[in-house]
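What follows is a single structure, written as structure tokens, with notes after it.
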Amino acid sequence: MTLNKIFFFLLKSLAVLVGLVLVYALCGYFIPFIEVPAKKTDEPKVIEAFILTNGVHTDLVVPVKNDVTDWGKELPFDNTISKRYDFSYVSFGWGDKGFYLDTPSWAELQPSTAFVAAFGLGESAMHCTYYFEMEEGEDCKKIMLTKKQYEDLVNYIKDKFDRDRNGKVIFIETDSVYGINDAFYEAKGRYSFLETCNTWANNGLKVAGQKAAYWTPTDVGIFQHYR
């Protein structure tokens, strides 16, 4: 292969790559505007839940305990640094394990970590954080669920945990926790640019019969439907 052919091959490859990135960016911006409406129901909405974002990542937040499930039994309080047990809510955020455990801040993001995450080459983890109270605002929106909707959401969340042969969630022992009230667990699936943490949370809203984006890789795609 001549030098000119190599040059044009590399140029075409770069053009294709840039084109794919542009298509992804356009899809990631426009498709989330397509709203999946909330499912109509005559059942009373009696369970309070929330969607929470840190500006990038969306978590689903639910009561620690009610007559549907007791998350304290599923996710032992002793797995947190504080080991407190008097919390009211627990949040769930699914994502790439490398991002969660090896990237304390965006400034420390390694290209290899980003590549592995973007193309579904790594493992995933569930980040669970306990809260005493939730404060509504631009980054935290309340949703009300019927008992059936909440049961569906609980099943959706539980199904994403990886489990041992006894059916117990698998705790990840790490110093990379974000505070004193959170913990990480092994999870199913592989994070990618098509299936992000926000895509997972958005799908959870659909399962629970709540309004959501048709598809979204970002938290903005979710929260624009809850203004």
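Reckoned from all heavy atoms, side chains included, excluding hydrogens, waters and symmetry mates.
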d(Leu145 CG, Tyr150 OH) to nearest 0.5 Å is 8.5 Å
If you define the side chain from C-beta out and look only at heavy atoms, does anything of Trp200 sit under 4.5 Å from Ile157?
yes
Can you measure from CZ (Phe171) to CD (Glu186) and round to the nearest 0.5 angstrom?
11.0 Å
Supply the atom-to-atom distance Leu52 CG to Phe92 CZ, rounded to the nearest 0.5 angstrom.
13.0 Å
Where the side chain of Arg190 meets the backbone of Gly122, is there a donor-acceptor pair that is under 3.5 Å apart?
yes
Measure from the ring center of Tyr100 to the ring center of His57 and say whether it is less than 6.0 Å.
yes
Under a 4.5 Å cut-off applied to non-hydrogen side-chain atoms, are Val62 and Tyr89 in contact?
no
Any heavy-atom pair between the side chains of Phe50 and Ile143 that's under 4.5 Å?
no
Asn66 (side chain) donor-acceptor with Thr69 (main chain) under 3.5 angstrom
yes
Quick test of your reading of the model: are Glu74 and Arg163 salt-bridged, counting only N-O distances below 4.0 Å?
yes
Given the ring of Phe184, does Lys97 sit roughly above its face, with NZ or CZ under 6.0 Å from the centre of the six-membered ring and within 45° of the axis?
no
If you define the side chain from C-beta out and look only at heavy atoms, does anything of Phe87 sit under 4.5 Å from Tyr131?
no
Between His127 and Tyr178, does the ring centroid distance fall short of 6.0 Å?
yes
Check whether any side-chain heavy atom of Thr53 lies under 4.5 Å from a side-chain heavy atom of Glu138, and answer yes or no.
no
Is there a side-chain contact between Lys147 and Asp67 in this structure, where contact means two heavy atoms from C-beta onward sitting under 4.5 Å apart?
yes
Indicate if Leu75 and Val61 have the same hydrophobic cluster label, given that clusters are the connected sets of ILVMFWY residues with side-chain heavy-atom separations under 4.5 angstrom.
no
Would you check if the side chain of Ser192 reaches a backbone N or O of Phe119 as a donor-acceptor pair within less than 3.5 Å?
no
Cation-pi check, Lys206 onto Tyr214 ring (under 6.0 Å, within 45° of axis)
yes
When you measure from the side chain of Ser124 to the backbone of Ala187, do you find a donor-acceptor pair of N or O atoms at a distance under 3.5 Å?
yes
Is the positively charged end of Lys158 above the ring of Trp71, judged by distance under 6.0 angstrom from the centroid and angle within 45° of the axis?
yes
Scanning both residues in full, the closest heavy-atom pair of Ala208 with Leu153 reads CB-CB, 4.1 Å
What's the separation between atom CG in Leu205 and atom CG in Leu60, rounded to the nearest 0.5 Å?
6.0 Å
Any side-chain heavy-atom pair from Tyr185 and Cys128 closer than 4.5 angstrom?
yes
Is the shortest side-chain N to carboxylate O distance from Asp159 to Lys188 below 4.0 Å?
yes
Enter the distance from Lys39:NZ to Thr41:OG1 here, rounded to the nearest 0.5 Å.
10.5 Å
Looking at Lys83 and Asp78, would you say the former's side chain and the latter's main chain have a donor-acceptor pair under 3.5 Å?
yes
Close side-chain approach of Tyr130 to Ser88, heavy-atom, < 4.5 Å:
no
Taking atom types as modelled, find out whether Thr58 and Asn198 have a side-chain donor-acceptor pair closer than 3.5 angstrom.
yes
Ignoring hydrogens and geometry, is there a side-chain-to-backbone donor-acceptor pair from His225 to Pro32 under 3.5 Å?
yes
Measure the OG-CE distance between Ser91 and Met134 for me, rounded to the nearest 0.5 Å.
7.0 Å
Glu48/Lys142 under salt bridge (charged side-chain N to carboxylate O under 4.0 Å, His left out): CA gap, chis, key distance, verdict
CA-CA 7 Å; Glu48 184 180 76; Lys142 182 169 70 173; 3.5 Å; yes
If two hydrophobic side chains count as joined below 4.5 Å and joins carry through other members, does Tyr24 share a cluster with Tyr29?
no
